[in-house]
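Just below is one structure, and these are the notes that go with it.
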There are 2 protein chains.
Amino acid sequence: MLTHAAEDYLKSIYKLQEKGGKVSTGILAEFLDVKPASATGMIKKLKTMKLVRYERYRGVTLTAAGKAVALEIIRHHRLLELYLFKALGVPWDGVHEEAEKLEHVISEDVEARMDEYLGYPTADPHGAPIPDKNGVVIQTDSVPMTELKDGQSCVVAEVSDSDSALLRHIGSFNLYPGTAFRVVEVAPFEGPFTIDIAGQEAVIGREVAKHIFVEQVQDPDNV
Amino acid sequence: MLTHAAEDYLKSIYKLQEKGGKVSTGILAEFLDVKPASATGMIKKLKTMKLVRYERYRGVTLTAAGKAVALEIIRHHRLLELYLFKALGVPWDGVHEEAEKLEHVISEDVEARMDEYLGYPTADPHGAPIPDKNGVVIQTDSVPMTELKDGQSCVVAEVSDSDSALLRHIGSFNLYPGTAFRVVEVAPFEGPFTIDIAGQEAVIGREVAKHIFVEQVQDPDNV
DNA sequence: AAATAAATTTAGGCATGACTAAATTATACA
DNA sequence: TGTATAATTTAGTCATGCCTAAATTTATTT
Ligand SMILES: [Mn+2]
Ligand SMILES: [Mn+2]
Ligand SMILES: [Mn+2]
Ligand SMILES: [Mn+2]
């Protein structure tokens, strides 16, 4: 069996190689909050297990076996987040931390039972896709809210889940995945977004908007 | 924070000192399936943390602080067992193994939410008492089924929870905690017990009976 | 093409938590 | 009261997974 640490490395490599192919030791180390030397050490171990491809100074990528493990852990994480949220009422800014520990520990049986209880869901409380039990991920084509223009309407697809305070802030506007809103005004010179959520106006700063991803963008004349 | 290993040692010392005061290194090591030398090492570490009292060759006992930690972990374990059983339908012979890993990992928040969901229960699926959040344990005075005589009636109070196959076997007779039965016959020469469970007769071997604890024992003439 | 800067690797260490083998202490009994 | 036996401790190892500091390699700039 893999250690918790090895699983977290594989998960991180998966996420980083999604946006940008080969993953450098430094990027991986920064993402995991360890030193590059520690990352090199683990990468070598993962290579002997044939879970990653690696050439020194050339970055690392997952093998098919490594990707399968990564997706398995990501599936655990996101199912757990949704389960904690729906079944136990853990607030959406608390589920990530909890799932980060539980993901390494639950059995396949418990995974399957949560999946069934939740009705085979496809997204976690932050809108991130839950890989199915065969490791198939449904990709959506969402864009950062910062790309929106005056008058456009859209639906929240996903929000970054790692910063708890940011999630509480976003939650205070009711901007959960699935929530529809319309851009009332984008202030000039990189200014904030004024939006209309079910008749309620809210002002969203650019730093926050970077972490909100939307889809189904419609211009007002297309309605 | 304590390591998983330290928590398991404290939990084990608690359980062993319940029946017999001071706990010897050998007994503790056997219980945890490690070598005595390993137990000595951990005991020394726990002593520096003031969680146990210990003098070499003289056995070990928990301090108040150590007992509090032990009860906290036991509470996690038993709440988790019951939660997995009731909320996710994990069979009663599977909950122990799962809880053994989860007990070290769940937050106080999740503990409290499970407790609420379950209606502040006082016993796990095997009948073992769940310490309350202040560490108070409700003690019951149950006796091993092997002490029963012909004609006596009783209710199952608790069954040993660590042997999965044994639990499946006991479950096949529906001998869950709370189940009432009457002893039809105790075969002589250390023979098996024939019992009546809601009109259904079952024969229970002595080895199995050792692991079933009963209470509210009544002789037939007292009814 | 060198020189500098950045990234990465190597070497050496530390803390955990297990192990085996050998030495020590306690206990049991003759 | 000594001696055999059993229990326990000590000493020395090993594997993980992290760290820092120094050496090495690659990338960038002039
Ligand atoms: Mn994790
Ligand atoms: Mn998430
Ligand atoms: Mn445990
Ligand atoms: Mn139990």
Side-chain angles (χ1 to χ4, degrees), chain A residues 1-14 16-17 19-62 66 69-70 73 100-105, chain B residues 1-17 19-62 66 69-70 73 100-101 103-105:
Chain A
M1 253 305 276
L2 289 168
T3 62
H4 294 192
E7 289 181 345
D8 276 341
Y9 271 90
L10 291 170
K11 193 175 65 160
S12 301
I13 295 166
Y14 176 85
L16 293 168
Q17 84 178 17
K19 23 197 151 220
K22 287 188 173 178
V23 178
S24 74
T25 305
I27 293 287
L28 179 59
E30 191 193 356
F31 189 81
L32 280 163
D33 200 23
V34 298
K35 303 297 168 185
S38 303
T40 301
M42 180 61 84
I43 287 167
K44 284 180 171 174
K45 223 168 299 172
L46 295 173
K47 189 181 181 180
T48 69
M49 293 187 265
K50 302 198 174 176
L51 296 169
V52 300
R53 273 178 289 273
Y54 171 65
E55 277 178 277
R56 51 221 259 308
Y57 295 100
R58 284 287 131 92
V60 64
T61 53
L62 297 175
V69 174
I73 303 301
E100 197 60 48
K101 298 172 298 179
L102 291 167
E103 64 189 4
H104 308 289
V105 156
Chain B
M1 254 305 276
L2 289 168
T3 62
H4 294 194
E7 289 180 345
D8 277 340
Y9 271 91
L10 290 171
K11 194 175 64 160
S12 302
I13 294 166
Y14 176 85
K15 287 183 180 176
L16 293 170
Q17 83 177 18
K19 23 195 152 222
K22 286 191 174 179
V23 178
S24 74
T25 304
I27 294 285
L28 179 59
E30 192 194 356
F31 189 80
L32 280 164
D33 199 23
V34 297
K35 303 296 166 189
S38 305
T40 301
M42 179 60 84
I43 288 167
K44 284 181 172 176
K45 224 169 299 173
L46 295 172
K47 189 181 181 182
T48 70
M49 293 188 267
K50 301 195 172 177
L51 296 169
V52 300
R53 274 177 290 271
Y54 171 66
E55 273 179 281
R56 51 219 257 298
Y57 295 99
R58 284 286 128 95
V60 64
T61 54
L62 297 176
V69 173
I73 303 301
E100 198 58 48
K101 297 173 301 179
E103 64 189 3
H104 309 289
V105 156

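Below, read A as the first sequence line, B as the second, and so on, with proteins coming before strands; counting in each chain starts at 1.
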Between atom [atom1] in [X] and atom [atom2] in [N], what is the gap in whole Å?
X: Ile27(A); N: dA7(C); atom1: CD1; atom2: C1'; answer: 11 Å
X: Lys22(A); N: dA7(C); atom1: NZ; atom2: P; answer: 18 Å
X: Arg58(B); N: dA26(C); atom1: CZ; atom2: C1'; answer: 8 Å
X: Glu30(A); N: dA7(C); atom1: CD; atom2: P; answer: 10 Å

For residues [X] and [Y], report the shortest heavy-atom separation together with the two atoms involved.
X: Ser12(B); Y: Leu32(B); value: OG-CD2, 3.2 Å
X: Met42(B); Y: Ala5(B); value: CE-CB, 3.7 Å
X: Ile13(A); Y: Val23(A); value: O-CG2, 3.8 Å
X: Ala39(B); Y: Val34(B); value: N-CG2, 4.4 Å

Within the sub-3.5 Å range, which N or O atoms of nucleotides 14-18 of chain D have a protein N or O partner, and how far apart are they?
from	atom 1	to	atom 2	distance (Å)
dG17(D)	OP1	Thr3(A)	OG1	2.4

Enumerate all atom pairs, one protein N or O and one N or O from nucleotides 5-7 of chain D, separated by less than 3.5 Å.
none

- Query: With Val60(A), which of Leu16(A), Leu46(A), Ile43(A) fulfils side-chain contact (heavy atoms from CB on, under 4.5 Å)?
  - Reply: Ile43(A)
- Message: Assess the residue pair His104(A) and Val105(B) against the criterion (side chain to side chain contact (heavy atoms under 4.5 Å, CB included)); give the C-alpha distance rounded to whole Å, side-chain angles, the decisive distance to 0.1 Å, and a yes or no.
- Response: CA-CA 10 Å; His104(A) 308 289; Val105(B) 156; over 6 Å; no
- Item | NZ (Lys101(B)) with more than 12 external heavy atoms under 6.0 Å | yes
Can you pull every protein N or O that's under 3.5 Å from an N or O on nucleotides 10-12 of chain D?
from	atom 1	to	atom 2	distance (Å)
dT10(D)	OP2	Lys44(B)	NZ	2.1

- Measure the shortest side-chain to side-chain distance between Glu100(A) and Asp8(A) over non-hydrogen atoms and say whether it is less than 4.5 angstrom. yes
- Examine distances only and state if a side-chain atom of Arg53(A) and a backbone atom of Leu62(A) form a donor-acceptor pair shorter than 3.5 Å. yes
- Message: Would you compute the distance between atom NZ of Lys47(A) and atom CZ of Arg56(A) and round it to the nearest 0.5 angstrom?
- Response: 10.0 Å
